Amino acid sequence: MKGPRVRFAPSPTGYFHVGSARSALFNFFVARKARDGVFILRIEDTDADRNREEWVDGIVSAMQWLGLSPDEGPFRQSDNGPAHREAISQLWGAGFLYYCDCTSDLVTARKGDNKTPGYDRFCRERGLVAGPTTALRFATPTDGTTTVHDLIRGDVVFNHSVIDDFVVAKSSGAVLYALANVVDDRADRITHVIRGEEHLPNTPKQILLWTALDVVSGTRVDLPAYAHLPLLVNEQRKKLSKRKDPVSTESYRDQGFLSEAFVNYLGLLGWAPSGDIEKAPLADFIAEFRLEDVSHSPAFFDVKKLTHLNGEYIRALAPDEFIERLTPWVRPWASDWSPTDRDVPWSPEQFDEALFFLVAPLIQERIAVLGEVPAMVDFFFLSEVPYDEAAFAKTVSGNPVAIEMLRAAITAFDTAEWTSENLHRVTADVGESLGLVLRKAQAPLRCAVTGTTVGPPLFESLEILGRSVTLERLEAALRKALG
RNA sequence: GCUCCCAUCGUCUAGUGGCCUAGGACACCGCCCUUUCACGGCGGCGACGCGGGUUCGAAUCCCGCUGGGAGUGCCA
């Protein structure tokens with residue numbers, strides 16, 4: 001028995017939409033679940049106005065990042081032009097199509113308050129012929145119904161009376177998506193069409209075209225099984241909008257989401273693994289996934305939950321793996337890729353690899369996305385402490401006892417054994433002598449040395465930074481506070 | 001307007017007639033841990049839209065209503 005052949009068929013845009021990513025993923029699940037399934041990538045670029053080669057590169061690289069590389073493709077729909085035109089001429093020859101010279105203004109004007117959908121079949125019997133202003137329409141049967149057998153939703157019946165005579169080829173001769181998609185699915189022997197719910201209403205048109213092609217081509221090709229995935233929506237429960245919502249997969253990659261966490265989260269939108277487990281490896285998703293179990297209702301893309309899941313994935317990384325994954329964010333010069341428009345605060349000369357190796361474990365459990373790292377560790381590498389002036393004013397200069405704490409710490413640290421444990425103890429003792437609990441005692445030191453009030457554990461950081469740098473910074477902070 | 005889809009905590013979901021005084025996760029709120037921030041642990045808040053049926057028994061089946069959404073291009 002032959003395995004499923006599925007295709008992911010995006011139209012090229014400037015970025016890879018998260019909804020597209022989810023569709024690609026569910027197609028991928030179906031292909032991988034079978035031992036001999038095939039996952040095809042087809043770029044639906046029949047609209048020449050919106051088509052640029054770099055958009056295709058973007059789709060391919062985003063899919064690669066997600067680990068969803070196709071088994072076949074990327075194919076370009078535009079490469080199959082001859083077959084599309086052949087289909088058109090066969091369909092025309094058999095009387096399935098007719099020419100129409102109505103402008104869209106005319107169509108809407110004539111429609112008026114009429115309840116009939118779309119085009120009113122005005123040109124159906126006019127016997128027009130090809131010309132520079134005539135488009136080709138499909139003569140939809142006026143009675144009867146077409147049923148879409150949807151694996152997720154069950155049978156959906158469409159009455160032909162509500163399907164208009166849609167255009168299959170523009171007056172320019174360009175073949176439209178409706179037809180090209182069907183011709184290509186037939187040619188690729190697609191067995192499962194898995195796509196967003198927004199495609200459900202035009203599925204009967206494609207089925208009509210499919211069966212018409214069976215007739216004119218003399219080859220009966222089995223209809224694919226259809227599965228329309230629930231939409232991804234925003235807080236307002238509207239379809240994710242490219243204008244208002246953060247929908248670019250690349251932007252999540254650039255913020256430092258791990259691809260495996262991102263894929264895991266996407267897999268949770270509209271489907272769930274068995275048991276009370278949500279964090280699961282891709283292999284588990286593939287093994288358990290069934291289209292029949294996909295949810296029917298729209299899902300909100302919740303960045304907070306994604307972020308939490310990403311944090312779990314980060315914490316689960318082996319330390320050296322964590323450091324490796326951080327390369328684009330901390331050593332972009334050593335990486336063939338780095339997040340766009342994001343500068344690293346230090347220079348290659350300032351960055352100290354051995355030191356970072358010691359620092360990494362301190363931050364691994366306190367971040368949720370990789371992009372948080374530079375701001376958290378910058379003080380280790382910069383010669384000038386990057387002060388948060390408001391924090392400094394509050395924690396150090398505006399606080400008399402903090403000044404005392406700084407002075408006392410400088411004295412005590414001068415000879416203290418330089419281990420985090422001892423620095424911890426010494427700070428506690430010095431603080432106590434000034435009537436400060438450790439929480440209060442460490443605050444001015446932290447701000448003096450790291451520039452801010454939050455960050456990696458202080459004493460561990462001081463140990464890594466070393467005695468001379470620490471003392472230098474404490475003294476500099478004291479001068480800054482007094483001066 | 002017309003066609004179609006959908007309806008369990010704020011969110012993602014489990015649930016396929018009795019195991020449900022509805023489970024988990026995110027978010028939120030407490031408490032604990034604690035050198036900041038986090039992590040972690042414990043606990044709390046919190047849902048079957050409404051009305052009719054069917055059935056000994058409905059979150060689960062049927063109908064209606066209401067509410068959301070999508071489609072309605074010489075876009076895909």
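Here the structure is a predicted model, which means the values were calculated and not measured. Just so we're on the same page: letters track the sequence lines, and every chain starts at 1.
Within 4.0 Å (heavy atoms only), C102(A) reaches at least one base atom of the nucleic acid. Within the nucleic acid shown, K238(A) comes within 4.0 Å of sugar-phosphate atoms alone, with no base atom in reach, counting heavy atoms only. When heavy atoms are screened at a 4.0 angstrom cut-off, R446(A) is found touching base atoms of the nucleic acid. Nucleic acid contact class of P456(A) (heavy atoms, under 4.0 Å, all strands): base. Residue E460(A) is classed as a base contact, given a heavy-atom separation below 4.0 Å to a base. In this structure, N181(A) reaches neither bases nor backbone, as no heavy-atom distance under 4.0 Å exists between it and the strands shown.
The CZ atom of F356(A) sits 10.0 Å away from the CZ atom of F380(A) when rounded to the nearest 0.5 Å.
A distance of about 12 Å separates the P atoms of G18(B) and C61(B), rounded to the whole Å. The gap from the P atom of C50(B) to that of C31(B) amounts to 35 Å, rounded to the nearest Å. Here the separation of C48(B) from U21(B), taken at their P atoms, is 14 Å to the nearest Å. Remark: the separation of the P atoms in C56(B) and C6(B) is 30 Å, to the nearest Å. With both ends at atom P, the span from C19(B) to G57(B) equals 15 Å, rounded to whole Å. Distance check on atom P: A59(B) versus U66(B) gives 24 Å, rounded to whole Å. Comparing the P positions of G64(B) and A7(B) gives an interatomic distance of 16 Å, to the nearest angstrom. Atom name C1', nucleotides G30(B) and G46(B): the rounded distance is 15 Å, in whole Å.
Contacts with RNA chain B (heavy atom under 4.0 Å) in residues 126-152 of chain A: T133(A), A135(A), R137(A), listed by number.
Spacing between atom CG of D164(A) and atom P of C4(B) amounts to 15 Å, rounded to whole angstrom units. Rounded to a whole Å, the NE2 atom of H228(A) is 13 Å from the C1' atom of A76(B). Between the CG atom of L438(A) and the P atom of U34(B) there is a distance of 11 Å, given to the nearest Å. Computed from coordinates, the F392(A) CZ to U36(B) C1' distance equals 17 Å when rounded to whole Å. Note: CG (L462(A)) to P (U36(B)) measures 14 Å, nearest angstrom. Here the P atom of nucleotide C74(B) and the CG atom of D105(A) are 11 Å apart, to the nearest Å. For the pair N310(A) CG and A25(B) C1', the interatomic distance rounds to 16 Å; values are reported in whole Å.
Under a 4.0 Å N-O distance rule, the pair R290(A)/D293(A) qualifies as a salt bridge. In this structure, R121(A) pairs ionically with D165(A), as a charged nitrogen and a carboxylate oxygen lie closer than 4.0 Å. Salt bridge E404(A)/R407(A): present, at least one basic N to carboxylate O contact under 4.0 Å. Salt-bridge formation is detected for the pair E260(A)/R325(A): a Lys NZ or Arg NE/NH1/NH2 atom is positioned less than 4.0 Å from an Asp or Glu carboxylate oxygen.
Nucleotide G67(B) has C6(B) as its partner under the Watson-Crick or G-U criteria, with both atom distances under 3.5 Å. Under the Watson-Crick or G-U wobble criterion, with both distances below 3.5 Å, G46(B) is left unpaired in every strand shown. For A25(B), the paired nucleotide is U11(B), the pair qualifying as Watson-Crick or G-U wobble because both relevant distances are below 3.5 Å. Both distances falling under 3.5 Å, in either a Watson-Crick or a G-U wobble arrangement, occur for no nucleotide opposite U60(B). Checking U35(B) for Watson-Crick or G-U wobble geometry (two distances, each under 3.5 Å) identifies no partner in any strand. Across all strands shown, U55(B) forms no Watson-Crick or G-U wobble pair with both distances under 3.5 Å. Across all strands shown, C75(B) has no partner, as no Watson-Crick or G-U wobble contact with both distances under 3.5 Å is found.
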Tabulate atom names and distances for all N/O pairs under 3.5 angstrom spanning the protein and nucleotides 40-50 of chain B.
| from | atom 1 | to | atom 2 | distance (Å) |
| --- | --- | --- | --- | --- |
| G40(B) | OP1 | R315(A) | NH1 | 3.2 |

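Looking at R153(A), its side chain has no donor and acceptor atom pair within 3.5 Å of the base of C5(B). No hydrogens or angles were tested; on distance alone, nothing pairs the side chain of R425(A) with the base of U35(B) as donor and acceptor under 3.5 Å. One cannot find a donor-acceptor pair under 3.5 Å joining the base of C74(B) and the side-chain atoms of S104(A).
Taking the six-membered ring for Trp and the full ring otherwise, W92(A) and Y99(A) have centroids separated by under 6.0 Å. Here the two rings, on F26(A) and F29(A), have centers that are under 6.0 Å apart. Aromatic ring centres of Y313(A) and F257(A) lie farther apart than the 6.0 Å criterion allows.
Of the residues near RNA chain B, M376(A) and N159(A), the one whose nearest nucleotide (by heavy atom distance) lies more toward the 5' end is N159(A). Mapping E365(A) and L458(A) onto RNA chain B via the closest heavy atom, the residue that lands nearer the 5' end is L458(A).
Evaluated for a side-chain contact (heavy atoms from CB on, under 4.5 Å) with F285(A), the options L25(A), L266(A), L268(A) yield exactly one hit, L268(A). With H84(A) as reference, D184(A) is the one residue of T46(A), D184(A), N181(A) to meet the side chain to side chain donor-acceptor pair (under 3.5 Å) rule. Applying side-chain contact (heavy atoms from CB on, under 4.5 Å) to Y252(A) and the options V18(A), V369(A), N310(A), V247(A) leaves one that passes, V18(A).
When the nucleotides C4(B), C26(B), A76(B) are ranked by their closest atom to the side chain of L200(A), C4(B) comes out on top. Nearest to the side chain of Y177(A), among U35(B), U36(B), A76(B), sits A76(B). Checked against A76(B), C74(B), C5(B), the side chain of V156(A) finds its nearest nucleotide in C5(B).
Because its NZ or CZ atom is both nearer than 6.0 Å to the ring centre of Y387(A) and within 45° of the ring axis, K480(A) counts as a cation-pi partner of that residue. A cation-pi arrangement is absent between R126(A) and F122(A) under the rule of less than 6.0 angstrom and at most 45 degrees off the ring axis. At least one cation-pi condition fails for R7(A) and F39(A): the charged atom is not both under 6.0 angstrom from the six-membered ring centre and inside a 45 degree cone around its axis.
In this pair, F459(A) and H424(A) present their aromatic rings parallel. The plane angle is below 30°, not in the 30 to 60° band.
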- Task: Start with the C-alpha gap between N202(A) and F166(A), add the side-chain angles, then the distance that decides, and say whether side-chain contact (heavy atoms from CB on, under 4.5 Å) holds.
- Result: CA-CA 10 Å; N202(A) 60 48; F166(A) 53 98; over 6 Å; no
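A sub-4.0 Å separation between OP1 or OP2 of C28(B) and a side-chain N or O of K304(A) is absent. Phosphate proximity of A76(B) to T46(A): present, with a side-chain N or O under 4.0 Å from OP1 or OP2.
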- Message: For nucleotides 7-16 of chain B, give me one character per nucleotide, 5' to 3': B if any protein heavy atom sits under 4.0 Å from the base, S if the only such contacts are to the sugar-phosphate, - if neither.
- Response: S---SBSS--
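Annotated as syn: C39(B), whose glycosidic dihedral is within 90° of 0.
Here H199(A) does not count as stacked on A70(B), because the ring centres are not under 5.5 angstrom apart with planes under 30°.
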